[in-house]
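Scroll down for the structure; my scribbles are underneath it.
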Amino acid sequence: FATHHLYFGYDADHTLWTSWGGATGGAIGWLNTRRYLETRDARTSQGWAPMIVDVPGWGRRGEYTEPNQPLDPNRQRRVISSLYGVQPSPTDGSIWGQSMSYGFSGVSPSGYLIRFIPGPDPTNTGLTELFLPPPGSFSPRGIDVDSRGIVWVTLASGHLGRFDRSACRAPLTGPNAATGEQCREGWTLFRYPAP
């Protein structure tokens with residue numbers, strides 16, 4: 001994987017999470033800095049994972065379809081997307097980022113928020129959630145996660161976006177999860193110059 005922006009996590013390994021940058025990367029990468037400083041072995045200290053959306057709601061990684069295959073509601077879905085920015089959450093260990101576009105069945109001009117849940121072995125256990133910005137907003141850019149796990153993102157549409165995943169009322173799995181069209185209620189938009 002290539003790297004673009006990077007940010008240290010809050011875990012004991014001081015994991016350095018990296019973004020891919022371009023829209024077509026399709027992976028999230030990291031460097032276990034504790035292991036690297038102990039061994040000086042870059043190969044065994046790094047890792048990457050594909051972005052897999054849990055469409056059927058299994059809660060764990062399983063069989064998935066590829067982006068060029070039809071969506072199957074009974075299988076998970078690999079998506080081709082990349083994080084432009086990357087931010088670990090201090091509340092639950094998830095990794096947030098944003099994609100200015102996304103390759104599910106073409107490219108979305110509106111972009112997405114992306115949440116990666118690493119699990120104990122991120123390469124094989126990581127799951128991804130996608131969240132489409134509300135109508136009238138598009139192209140998330142800079143991102144940060146506050147001490148309560150709230151995601152703040154600037155959008156090229158002239159908005160500051162606030163996303164609170166805990167406000168989601170409907171299930172975060174199912175066919176809409178593969179397109180990011182769930183949890184519109186988690187968003188609050190502020191027109192710049194913002195609050």
Side-chain angles (χ1 to χ4, degrees), residues 1-34 46-49 51-53 79-102 108-119 122 126-169 172 177 180-195:
F1 63 89
T3 62
H4 187 50
H5 294 129
L6 36 103
Y7 205 91
F8 285 99
Y10 298 96
D11 59 304
D13 291 327
H14 303 290
T15 302
L16 184 64
W17 293 94
T18 65
S19 67
W20 191 287
T24 59
I28 183 170
W30 61 88
L31 177 74
N32 180 322
T33 61
R34 179 195 53 77
Q46 66 181 290
W48 68 273
M51 299 210 182
I52 309 294
V53 177
V79 295
I80 299 299
S81 189
S82 295
L83 304 180
Y84 173 69
V86 60
Q87 284 290 313
S89 172
T91 60
D92 63 6
S94 64
I95 309 302
W96 286 87
Q98 81 282 22
S99 177
M100 293 180 280
S101 60
Y102 157 59
S108 166
S110 60
Y112 288 81
L113 279 185
I114 298 172
R115 179 175 181 252
F116 180 74
I117 307 103
L127 290 171
T128 301
E129 295 173 345
L130 305 172
F131 300 98
L132 189 65
S137 64
F138 56 86
S139 194
R141 302 295 176 126
I143 187 169
D144 206 350
V145 180
D146 69 22
S147 61
R148 296 176 297 144
I150 307 295
V151 178
W152 294 87
V153 63
T154 188
L155 295 121
S157 55
H159 297 94
L160 175 66
R162 176 185 188 273
F163 184 75
D164 182 356
R165 186 177 175 276
S166 70
C168 299
R169 294 187 299 268
L172 297 177
E181 298 179 68
Q182 78 282 1
C183 197
R184 294 290 172 92
E185 64 274 14
W187 286 92
T188 305
L189 294 179
F190 304 94
R191 175 64 72 178
Y192 280 124

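Below, each value reflects all heavy atoms present in this structure, side chains not excepted, and no hydrogens, waters or symmetry copies. Fair warning: this is a prediction, and the values are worked out from it, not measured in the lab.
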Counting C-beta onward and ignoring hydrogens, is there a side-chain heavy-atom pair between [X] and [Y] closer than 4.5 Å?
X	Y	answer
P118	W17	yes
C168	F163	yes
Y112	V79	no
M51	L83	yes
P133	F138	no

Taking atom [atom1] of [X] and atom [atom2] of [Y], what is their separation to the nearest 0.5 Å?
X	Y	atom1	atom2	answer
Q182	L132	CD	CG	9.0 Å
S89	I117	OG	CD1	11.0 Å
Q87	F8	CD	CZ	12.5 Å
D146	R162	CG	CZ	7.5 Å
S137	L155	OG	CG	5.0 Å
W48	W30	CH2	CH2	9.0 Å

I'd like to know if D92 pairs up with R165 as an ion pair, taking the criterion as any Lys NZ or Arg NE/NH1/NH2 lying under 4.0 Å from an Asp or Glu carboxylate oxygen.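 No, no charged N to carboxylate O under 4.0 Å.
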
Would you confirm whether W96, through its side chain, and W152, through its main-chain N or O, come within 3.5 Å as a donor-acceptor pair?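 A pair under 3.5 Å: no.
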
Could you check whether any side-chain N or O of E129 sits under 3.5 Å from a backbone N or O of L172, counting only pairs where one atom can act as donor and the other as acceptor? no

Considering all heavy atoms, the nearest [X]-[Y] contact:
X	Y	answer
L189	P134	CD1-CG, 3.9 Å
G186	A167	CA-CB, 4.1 Å
P88	G9	CG-CA, 3.6 Å
A49	F116	CB-CZ, 3.8 Å
H159	Y192	O-CE1, 3.1 Å
P140	G111	CD-CA, 3.9 Å

Run the numbers on T18 and V86 for side chain to side chain contact (heavy atoms under 4.5 Å, CB included), then give the verdict. CA-CA 7 Å; T18 65; V86 60; 5.8 Å; no

Whether H5 and Y84 hold their rings parallel, tilted or perpendicular, with breakpoints at 30° and 60°: perpendicular

Checking side-chain polar atoms at under 3.5 Å, does T15 have a donor or acceptor matched by the opposite partner on D13? no

Name the residue from I143, L130, I95 that meets the side chain to side chain contact (heavy atoms under 4.5 Å, CB included) definition with I114. L130

